[in-house]
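Note that ligands are numbered from 1 as they come in the structure, with each ligand's atoms numbered from 1 the same way.
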Amino acid sequence: MPVNVCQQLNNTKSLDKESYVSSLLSQMTLREKIGQMSQFNNDNEKLTASIKMGDVGSVINEVNFETINELQRIASQESRLGIPLLVGRDVIHGFNTIFPIPLGQAASWSTEIVESCATIAAIEAANNGVNWTFAPMIDISRDPRWGRIAESLGEDPYLCSVLGSAMVKGFQGENLSDSTSIAACAKHFAGYGASESGRDYNTTNIPENELRNVYLPPFKALADAGVSTFMASFSDLNGVPVTGNSWLLNDILREEWQYTGFVVSDWESITQLITHGFCADTESAAFEACQAGVDMEMASNTYAKNLPSLIQNNKVNIEQIDIMVSRILTLKFDLGLFENPYTRATPAVERLDSFHLDAAKQAATKSCVLLKNNIQTLPLSKTELTSLAVIGPLADDGYEQLGTWVFDAKPNQSITCLNAIKSHVGDSVEVKFSKGLATSRSHNQDGFIEATQLAHSADVAVLILGEEAILSGEAHCRSNIDLPGCQEQLINAIYETGTPIILVIMAGRPITLEKILPKVDAVLFAWHPGTMAGPAIADLLFGETSPSGKLPVTFPRSVGQIPLYYGQKNTGRPPCDATFVDINDIEVRAPQTSLGMTSTHLDTHFSPLFPFGFGLSYTQFEYENINISRHVITMGEFVEITATISNVGYFDAEEIVQLYIRDLVGSVTRPIKELKGFQRIFLPAGQSKSVLFKIHTDELAFYDRQMKRTTEPGLFNAWISSNSDTGLKTEFEVV
Ligand code: BGC
């Protein structure tokens, strides 16, 4: 068999990456170049033949390792050049072992947790032949109606940047060429989270200043962290869909940020340029996307069909194509695919690895957020209980606890809350179970009779409610974010029995809980916790460990408050309790001026139900003695802020200590608070610790009116606190 071009190059051991890629490129036909820019779905009937012809650079959605190895064999041995394939898959929060949804992982505020989930996901995916994931999704998400908030790291640019970078590190490992590393993808560049009304794929209108200060920082952080690829968003950004947006992809990503990885389109987002009304036909769509800098086309084939004639007619120049193809080949080189394209797979494991399961339990444990705990409701004590009623459609469903994006999961190996609670208490407590409702969406209340009977005869009722997996994720948006179906009625029915209620919620987004909060004694918000939901939740309920997660997103009282996030601007008439008027307190025919004249709604309080950063513990933490190294800092220097945190309760626990600042006056108005640091600390009961945050004046920078990133001199407030709504305050001046 003749030796192909890649095999020849592989034999030339001395070739460095640049020389390898340029030698290869110099031997490619135009068709082969466009082939590298094309990603095929695995169900494409022409896949094998097209790989042989050199028409395919990447395959998406194939996960059978034998099939992948065969496709790699065809690519590297039967195509003229022998270029191996990128094999892409949405490995979003685990592959076979499922970790909490990304929003849940974000609630851990732990880079270690987020990194370890991604490391394990990469090991399992790579084992199956996948070498590229479309994660992390770092779209700032401030609208809980949007189904994809589940896949996000929440509302805050700083938290999202730090955790997103940790996720990239987990996927990509120390070295991309390691057999356990896979390439990551920063998506969806940019602004997708601002889809109007939280309806997926909807238009976004984001002023440039807001874009730069809020939506772009996580992407910049991931570019700096070496993320291999970017994905262009589906969405229309200020009238120019991102897939055809040269300003965003060329001017910002390439020119300003000097990003050298490659950009993939989203699924058929190039052809959707036509649907958007931005292009008339596929030729113009291919032209716009290519000019904008989309290096690889996902799923559709406008490049293959139109780039040859666009180049022939001098509309697109070949030098540009060469640069785009080089970026793709460079990633293949970095992944070590030219040396060995095959997965080192051991045949697919039947049982999930126990080390992976431990990590999944740990992640789920640290992701749960305790929102309410009436005195001594939690933790439960198995010695004091005789019977427990476990109720709810999500209590014993190994699939629904996994959440969105779990194509490769093994739901039959999930451990549910019911099973975990039973094995936790053994024979010492009688555990009775009733679903109450068939699914989280059910309206049929026939099951209430049994459920209330069980609750009536039990010491405590643990209700496991929320949203089944299908209710969040891509294109799974809601206009009402109450508990769906008749779950509120179920809570009301159990409440009538007088038995204390512990509510555990599994959901892909914040849920509006204001109405039901008074009816329940404790609320543990667990997101979709993944494979090990049960053991994690059982440990928390029975006090093996204290809840320690904090909200990565604000919980509104009602959908009408959306968008509601902690980093809002002050407005000229900020709301306050002194002037707040409730709709029920308005005098009949009151003069307009009596209603406070501040930025509020009449029919709900202006505060959120739970603020960003909020989460209770089984212990109490006291914050004292805020100290600042100096009150006047010169530009270019650091300031150190410390506070003493004490565990004044009786439970050893972890606390997430947060640092916020406020820039009091800016040439562009600044948010009322901005997260600038956080630390997850462990404090045994009775102990104290001084926590130090060091902050450089560069970290106070923002984009000004000229879109220049700058730190402006002036006064700042700073808080060290347990959530965004409280804290010990100090101040300093930058000169
Ligand atoms: C999503 C992307 C995803 C891609 C491939 C699209 O519909 O928007 O996030 O990576 O499909 O599955």
Peer 1: Other residues, nucleotides and ligands only: do more than 12 of their heavy atoms fall within 6.0 Å of CD1 on I74?
Peer 2: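 Count over threshold, so yes.
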Peer 1: R89: heavy atom below 4.0 Å from ligand 1, yes or no?
Peer 2: no
Peer 1: Taking atom types as modelled and ignoring hydrogens, do the side chains of E474 and Y201 form a donor-acceptor contact shorter than 3.5 angstrom?
Peer 2: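 Yes.
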Peer 1: Is the shortest distance from a heavy atom of M137 to ligand 1 less than 4.0 Å?
Peer 2: no
Peer 1: Going by atom types only, do S177 and N175 share a side-chain donor-acceptor pair under 3.5 Å?
Peer 2: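 There is such a pair (donor and acceptor under 3.5 Å, judged by atom type) between the side chains of S177 and N175.
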Peer 1: Can you find an N or O of E474 that's nearer than 3.5 Å to an N or O of ligand 1?
Peer 2: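 Indeed, backbone or side chain, E474 has an N or O that close.
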Peer 1: Considering the heavy atoms of I60, write down every atom of ligand 1 situated less than 4.0 Å from one of them.
Peer 2: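 What qualifies from ligand 1 is 5 (C).
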Peer 1: Would you check the N or O atoms of R148, main chain and side chain alike, for any that come under 3.5 Å of an N or O of ligand 1?
Peer 2: yes
Peer 1: Considering the options K187, Q272, M298, which one meets the side-chain contact (heavy atoms from CB on, under 4.5 Å) requirement together with D266?
Peer 2: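 Going through the options one by one, the only one that passes is M298.
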Peer 1: Take every heavy atom of N61, measure it against each atom of ligand 1, and state whether any distance is under 4.0 Å.
Peer 2: no
Peer 1: For residues R148 and Y192, is any side-chain donor paired with an opposing acceptor at under 3.5 Å?
Peer 2: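 Their side chains do contain a donor-acceptor pair, which is all the 3.5 Å distance test asks for.
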Peer 1: For N306 and T282, which I'm curious about, is there any donor-acceptor pair between the side chains at under 3.5 Å?
Peer 2: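 Their side chains do contain a donor-acceptor pair, which is all the 3.5 Å distance test asks for.
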Peer 1: Relative to the heavy atoms of M298, which atoms of ligand 1 are at a distance of less than 4.0 Å?
Peer 2: 4 (C), 5 (C)
Peer 1: Under a 3.5 Å threshold, yes or no: a donor from one side chain and an acceptor from the other, between T554 and E155?
Peer 2: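 Yes, a side-chain donor-acceptor pair sits under 3.5 Å.
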Peer 1: What atoms of ligand 1 come closer than 4.0 angstrom to any heavy atom of F134?
Peer 2: 10 (O)
Peer 1: Taking heavy atoms and a distance under 4.0 Å, where does K187 meet ligand 1: side chain, backbone, both or neither?
Peer 2: side chain
Peer 1: Would you check whether W267 has a nitrogen or oxygen atom less than 3.5 angstrom from a nitrogen or oxygen atom of ligand 1?
Peer 2: no
Peer 1: Is the distance between the ring centroids of F555 and F525 less than 6.0 Å?
Peer 2: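 That pair passes the under 6.0 Å test.
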Peer 1: Which residue and non-hydrogen atom of the protein lie closest to atom 10 (O) of ligand 1, and at what distance in Å?
Peer 2: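 Answer for atom 10 (O) of ligand 1: D90 OD1, 2.6 Å.
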Peer 1: Out of all atoms in ligand 1, which are within 4.0 Å of some heavy atom of F234? Include the element for each.
Peer 2: 6 (C), 7 (O), 8 (O)
Peer 1: Hey, could you give me each pair passing ring-ring contact (aromatic ring centres under 6.0 Å, His included) that has a residue in residues 117-136? Not counting sequence neighbours.
Peer 2: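 Non-adjacent pairs meeting ring-ring contact (aromatic ring centres under 6.0 Å, His included): W132-F134, W132-F262.
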Peer 1: For atom 4 (C) of ligand 1, find the nearest protein heavy atom and state the residue, atom name and distance (0.1 Å precision).
Peer 2: D266 OD1, 3.4 Å
